[in-house]
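First up is the structure itself, then whatever we jot down about it.
Just so you know, ligand 1 is whichever comes first in the structure, and atom 1 is the first atom listed for that ligand. Here the structure is a predicted model, which means the values were calculated and not measured.
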Amino acid sequence: MDYSTILFSEKEGVARLTLNRPEQLNAFNLRMHAEVNDALDRLIANPNARVLLLTGEGKGFCAGQDLQERKRGPDDPPHDLGDSIEQRYAPLARRLMELPLPIVCAVNGVAAGAGANLALCCDIVVAKMSARFIQSFVKIGLIPDCGGTWSLTRAIGRARAIGAAMLGEPLGAAQAEAWGLIWRAIPDEIFEAEVEALAGSLARGPTRAYAAIKQSVLAADRQGFSDQLDIERDLQRGLGFTEDYAEGVRAFSEKRPPEFRGQ
Ligand code: T3D
């Protein structure tokens, strides 16, 4: 598939997926959904890819659903938003959450609606200090989707989640970091360099351990303590047989940095 709404490349283990409709603040239209899915298929099929870096082109990260696609004439029937979510947004949110690779989300500008909540499905979310997160759904009479009601409540608590969802006010990157919604807010002038360094470091890390970390942390949201101990046991057992674990222990004994291969 040729891409007209995203950019996608892989270099030294870092797969970079850039949402590329800057004139529309990288809002999702049908074409972008199809291309992002295709890129994720290619990512999974690429044994060299060890981290996904998701970002946006231009001054915005992503403004959620393209509202031009939702315009209708007086005689047109309403769009079935449930269908849109079931067919596209929810599968994408699940794919990001369950992708067996670490995902760095580099929020380079405003993240609104589904754009904000897809970012929260990623693993390490960093944002330019000038970026804003907006649960803008309420401004058009909707609720947060892409798992926003789930991730906001868990990350920042009920009071802030409901405030963000009901008021739809912009939340600055520094505040998002202070509230524990994202990993770090980074000064604009060093953002690109810090993102590259972060993605590069994850691409050289123990990929299978990262996948197990994602799996176990996701499971922790629905398990009791005792069941979670069982999950940790099973995942740790698998990791104990990996080459990366053997290399990690060897490197420790030899007092040198490990050279993980993701195997
Ligand atoms: O529908 C379904 O399938 C259900 C699922 C829904 C998921 C959702 O995401 S619903 C929420 C949809 N998104 C929004 O409601 C956000 C709409 N955008 C905004 O509120 C503002 O643009 C922002 C607060 C994000 C940024 O404001 P600002 O002032 O920095 O920029 P701007 O001037 O509003 O936007 C710049 C351009 O991007 C502008 O185009 P123009 O006038 O210069 O030609 C604007 O129309 C365009 N743009 C921004 N957001 C969207 C968009 N175009 C299409 N769709 C958008 N969502």
Side-chain angles (χ1 to χ4, degrees), residues 3-7 17-38 40 54-74 76-97 103 105-122 125 127-153 155 161-176 181-182 185 188 191:
Y3 297 151
S4 59
T5 66
I6 66 169
L7 305 170
L17 197 169
T18 306
L19 305 176
N20 188 28
R21 303 182 69 225
E23 306 303 318
Q24 294 80 24
L25 300 179
N26 303 317
F28 266 84
N29 59 8
L30 284 171
R31 179 76 198 175
M32 186 186 274
H33 274 291
E35 292 184 8
V36 167
N37 259 312
D38 186 80
L40 293 177
L54 177 63
T55 192
E57 183 66 26
K59 70 175 183 149
F61 170 67
C62 175
Q65 168 62 36
D66 186 328
L67 294 178
Q68 296 299 334
E69 273 188 353
R70 293 290 173 265
K71 284 209 293 208
R72 61 187 173 107
D76 297 334
H79 296 276
D80 183 341
L81 303 192
D83 188 60
S84 166
I85 288 173
E86 185 166 323
Q87 302 294 328
R88 288 174 287 280
Y89 284 104
L92 177 56
R94 277 195 197 96
R95 266 196 112 170
L96 295 174
M97 218 30 131
I103 310 176
C105 185
V107 180
N108 54 297
V110 66
N117 293 341
L118 287 171
L120 300 181
C121 293
C122 299
V125 185
K128 267 189 184 170
M129 201 62 86
S130 60
R132 297 163 286 155
F133 294 81
I134 314 178
Q135 295 298 319
S136 53
F137 306 87
V138 72
K139 304 279 184 191
I140 53 170
L142 299 181
I143 64 164
D145 55 27
C146 293
T149 54
W150 185 91
S151 46
L152 286 168
T153 307
I162 290 203
M166 284 193 176
L167 301 177
E169 289 175 359
L171 181 67
Q175 189 71 71
L181 191 64
I182 65 169
D188 289 18
F191 184 72

### Task
Show your reasoning for whether side chain to side chain contact (heavy atoms under 4.5 Å, CB included) applies to S4 and R31.
CA-CA 8 Å; S4 59; R31 179 76 198 175; 3.8 Å; yes
### Message
Considering non-hydrogen atoms of the protein only, which is the closest contact for atom 41 (P) of ligand 1, and what is the distance?
### Response
E23 O, 4.9 Å
### Message
Can you give me the closest heavy-atom contact between M32 and A27, atom names plus distance?
### Response
CE-O, 3.6 Å
### Query
Within the structure, does at least one protein heavy atom fall under 4.0 Å of atom 46 (O) of ligand 1?
no
### Message
Counting only heavy atoms closer than 4.0 Å, does ligand 1 sit against the backbone of A114, its side chain, both, or neither?
### Response
both
### Query
What protein heavy atom sits nearest atom 55 (N) of ligand 1, and how far away is it?
L67 N, 2.9 Å
### Task
May I ask you to decide if L92's main-chain N or O and N37's side chain share a donor-acceptor pair within less than 3.5 Å?
no
### Summary
among protein heavy atoms, the one nearest atom 30 (O) of ligand 1 is R132 NH2, 3.4 Å
### Atom of F61, atom of G115 and distance for their closest heavy-atom approach
CE2-O, 3.4 Å
### Query
Can you check whether K128's main-chain N or O pairs, donor with acceptor, with N108's side chain at less than 3.5 Å?
no
### Query
Got a protein heavy atom sitting under 4.0 Å from atom 34 (O) of ligand 1?
no
#### Entry: S84 N/O to ligand 1 N/O under 3.5 Å
yes
### Task
Using a strict 4.0 Å cut-off to heavy atoms of S136, name the atoms of ligand 1 that fall inside it.
14 (C), 15 (O), 16 (C)
### Query
Hey, is ligand 1 close enough to Q68 that some N/O pair sits below 3.5 Å?
no
#### Entry: Heavy atom of protein closer than 4.0 angstrom to atom 18 (N) of ligand 1
no
### Message
Below 4.0 Å, non-hydrogen atoms only: which portion of F28 touches ligand 1? Side chain, backbone, both or neither.
### Response
neither
### Task
Would you confirm whether N20, through its side chain, and T5, through its main-chain N or O, come within 3.5 Å as a donor-acceptor pair?
no
### Query
Can you tell me how far SG of C146 sits from CE of M97, rounded to the nearest 0.5 angstrom?
10.5 Å
## Note on the structure
Ranked by distance from atom 1 (O) of ligand 1, the top protein heavy atom is R70 NE, 2.7 Å
### Task
List the closest protein heavy-atom neighbour of atom 21 (C) of ligand 1: residue, atom name, distance to the nearest 0.1 Å.
L25 CD1, 4.7 Å
### Message
To check your reading of the model: name the closest protein heavy atom to atom 24 (C) of ligand 1, its residue, and the distance in Å.
### Response
I134 CD1, 3.6 Å
### Message
Below 4.0 Å, non-hydrogen atoms only: which portion of Q135 touches ligand 1? Side chain, backbone, both or neither.
### Response
neither
### Query
Numbering the atoms of ligand 1 from 1, which are under 4.0 Å from a heavy atom of A112?
25 (C)
### Query
Which of the atoms in ligand 1, numbered in the order shown and given with their element, are less than 4.0 Å from a heavy-atom of L81?
1 (O), 2 (C)
### Summary
Here the atoms of ligand 1 under 4.0 Å from any heavy atom belonging to A27 are 55 (N), 56 (C), 57 (N)
### Message
Any nitrogen or oxygen of Q65, side chain or backbone, less than 3.5 Å from one on ligand 1?
### Response
yes
### Query
What protein heavy atom sits nearest atom 52 (C) of ligand 1, and how far off is it?
Q24 O, 3.8 Å
### Query
Quick one: does N117's side chain have a donor or acceptor within less than 3.5 Å of a partner on P144's backbone?
no
### Task
Select the closest option to atom 13 (N) of ligand 1 among A63, G64, G113, judged by heavy-atom distance.
A63
### Task
For the pair Y89 and H33, name the ring-plane relationship: parallel under 30°, tilted 30 to 60°, perpendicular over 60°.
perpendicular
#### Entry: Close side-chain approach of F137 and I143, heavy atoms under 4.5 Å
no
### Message
Is the shortest side-chain heavy-atom distance between L167 and V138 below 4.5 Å?
### Response
no
### Task
First locate atom CG of L181, then atom OG of S151, and finally report the distance between them rounded to the nearest 0.5 Å.
7.5 Å
### Exam field: side chain E69 to backbone L30, donor-acceptor pair closer than 3.5 Å
yes
### Heavy-atom protein neighbour under 4.0 angstrom from atom 43 (O) of ligand 1
no
### Task
Look up atom 26 (C) of ligand 1 and tell me if a protein heavy atom lies less than 4.0 Å from it?
yes
### Query
Would you find a donor on one side and an acceptor on the other, under 3.5 Å apart, between the side chain of Q65 and the backbone of A114?
no
### Message
Tell me the protein heavy atom at minimum distance from atom 10 (S) of ligand 1, and give that distance in Å.
### Response
F137 CD2, 3.7 Å
